[in-house]
Number of protein chains: 2
Amino acid sequence: MTDIKSIPAPQAASLLFLREEELREGIESFFFAYRDFVSEADALLAESGMGRAHHRALYFIGRKPGITVGELLGVLRITKQSLSRVLKELVAMGLVVQTQGPEDRRQRLLRLTQSGAALEARLFTMQRARIAKAFRDAGPDAVAGFRKVLGGLRDRGDPPKRQNAGARS
Amino acid sequence: MTDIKSIPAPQAASLLFLREEELREGIESFFFAYRDFVSEADALLAESGMGRAHHRALYFIGRKPGITVGELLGVLRITKQSLSRVLKELVAMGLVVQTQGPEDRRQRLLRLTQSGAALEARLFTMQRARIAKAFRDAGPDAVAGFRKVLGGLRDRGDPPKRQNAGARS
DNA sequence: GATTTTATGTCAGTCATGTTGACATATTTA
DNA sequence: TAAATATGTCAACATGACTGACATAAAATC
């Protein structure tokens, strides 16, 4: 039923139009929502002369204390030069500490300091308010759908290895 | 039921933990999905020496042919100086044309040329493949939930007017 | 034990995209 | 006529990415 081939041309065109329209609206919603969501923490970060790159590093170090530099590079998918600058600043500001890996002493394990954790918590609290409200208003089924679609939008397969990023010449 | 105040402390803490965990996973999904989604068109844009800013302008001009510069600024929420640079390049490359507004001759109405529309279509086709697959795999209910949550994440109220952007000193 | 690979850091330069501030011009509105 | 609006433009700067090249220490392999 509703076999697209069985539909007369004008209606099929109309269906295709709606399909494209629906997808474009999805793309636009995605763009606007993401922009509004991430821009929220900027003011707080700017107070300490930081930007979004600092936020992302703080976030993922807080999420996995003891994460190595290489792992963090893999998560963020940026070059080590980019990350290095950010990490250096976070360490200089006393928000992050690096310790030598206990098994592999080449590794630098990253952890938030107390003040780093405090800043991350303040940033998370801001974003939590927004996302919690969106989740609450939309309801659990909608949240499940949100997660499901986001999962489908992710890259599948190998993350494209980038020069200078991780274990690559 | 499930009044949080009636739950003994350890379980309440556990629930709160799950709640935070759930929200963090949502934030991360959002970050990863958005990054993967928008990065896809970069290679094609780079061939012509363009970036994401060009893509966004092309996209919204294609979406509303005859859009004014001021309207586009309102959609993108960037400064006119940023947009100006991008528009100038798009016009120079023959992808966009500007025509004087028929009623208000101060306005510059923006439209895609044939090759501009062709490029936009190529870019949209790339993204359509990804989002259509995600929508199809997730199902209509999930898509509805996705849209619902995204709507809730948007800024409410006045878009924060930014200096130099639109009608402001 | 010597060699290679890996994890990390660093210097130097470039690019894309955003910002602020100031000012110019044409056109519409009051 | 005067003020407000839509647009454009010059200049300077910040952020966060990038490439390429090279350095060091430690682990893994031959």
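Chain A is the first sequence line, chain B the second, and so forth, proteins listed ahead of strands; every chain is numbered from 1.
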* Distance, rounded to the nearest Å, where A:Lys80 contributes NZ and C:dC11 contributes P -> 13 Å
* Is B:Glu89 touching bases, backbone alone, or none of the nucleic acid, heavy atoms closer than 4.0 Å? -> nothing
* **salt_bridge(A:Lys148, B:Asp141) N-O dist < 4.0 Å** => no
* Asked: For B:Tyr59 and A:Phe31, what are the C-alpha separation, side-chain angles and deciding distance, and is it a ring-ring contact (aromatic ring centres under 6.0 Å, His included)?
  -> CA-CA 12 Å; B:Tyr59 181 91; A:Phe31 166 66; 8.4 Å; no
* Would you please indicate yes or no on a ring centroid separation below 6.0 angstrom for A:Phe135 and B:Phe30? => no
* Roughly how many Å is it from CG in B:Leu90 to P in C:dA16, rounded to a whole number? -> 13 Å
* To do: Let me know the distance between CD1 of B:Ile67 and P of D:dT7, rounded to the nearest Å.
  => 10 Å
* Asked: When we call it a touch if two heavy atoms are under 4.0 Å apart, what does B:Glu103 touch: a base, just sugar-phosphate, or nothing?
  -> sugar-phosphate
* To do: Could you tell me whether B:Glu71 contacts a base, only the sugar-phosphate backbone, or nothing, with contacts defined as non-hydrogen atoms closer than 4.0 Å?
  => nothing
* Please figure out whether A:Gly49 or B:Arg108 has its closest DNA chain D nucleotide nearer the 5' end. => B:Arg108
* Sole residue of A:Thr113, A:Leu58, A:Val86 in side-chain contact (heavy atoms from CB on, under 4.5 Å) with A:Val96 -> A:Leu58
* Asked: A:Leu109 CG to C:dG9 P: how many Å, rounded?
  -> 11 Å
* Looking across every strand, which nucleic acid part, if any, lies under 4.0 Å from B:His54 by heavy atom: base, sugar-phosphate, or nothing? -> sugar-phosphate
* Asked: Can you find a side chain N or O atom of B:Thr68 that sits less than 4.0 Å from OP1 or OP2 on D:dA6?
  -> no
* To do: Kindly say if B:Thr79 contacts the phosphate of C:dG18, meaning a side-chain N or O under 4.0 Å from OP1 or OP2.
  => no
* **Side-chain N or O of A:Gln107 closer than 4.0 Å to phosphate OP1/OP2 of D:dA25** => no
* Asked: Between A:Ile78 (CD1) and C:dT8 (P), how many Å, whole number?
  -> 14 Å
* Protein-nucleotide distance (A:Leu72, atom CG; C:dT8, atom P), rounded to Å -> 10 Å
* NA contact type, B:Arg85, heavy-atom cut-off 4.0 Å: base, sugar-phosphate, or nothing? -> base
* Asked: Reckon B:Arg56 has a side-chain N or O less than 4.0 Å from the OP1 or OP2 of C:dG18?
  -> yes
* Are B:Glu120 and A:Arg24 close enough for a salt bridge, meaning some N to O gap below 4.0 Å? -> yes
* To do: Please tell me which of A:Asp104 and B:Ser84 maps to the more 5' nucleotide of DNA chain D, matching each residue to the nucleotide holding its nearest heavy atom.
  => B:Ser84
* Phosphate oxygens OP1/OP2 of C:dT8: is one of them under 4.0 Å from a side-chain N or O of A:Gln98? -> no
* **Any B:Arg105 side-chain nitrogen or oxygen under 4.0 Å from OP1 or OP2 of C:dT28** => yes
* **Atom pair distance, as rounded to whole Å: CD in A:Gln81 and P in C:dT14** => 16 Å
* Asked: In whole angstrom, what separates A:Leu73's CG from C:dA7's P?
  -> 11 Å
* Does a salt bridge link B:Glu40 with B:Arg35, judged by any charged N lying under 4.0 Å from a carboxylate O? -> no
* Structure fact -> Picking from D:dC10, D:dG16, D:dA26, the nucleotide nearest the side-chain atoms of A:Ala53 would be D:dG16
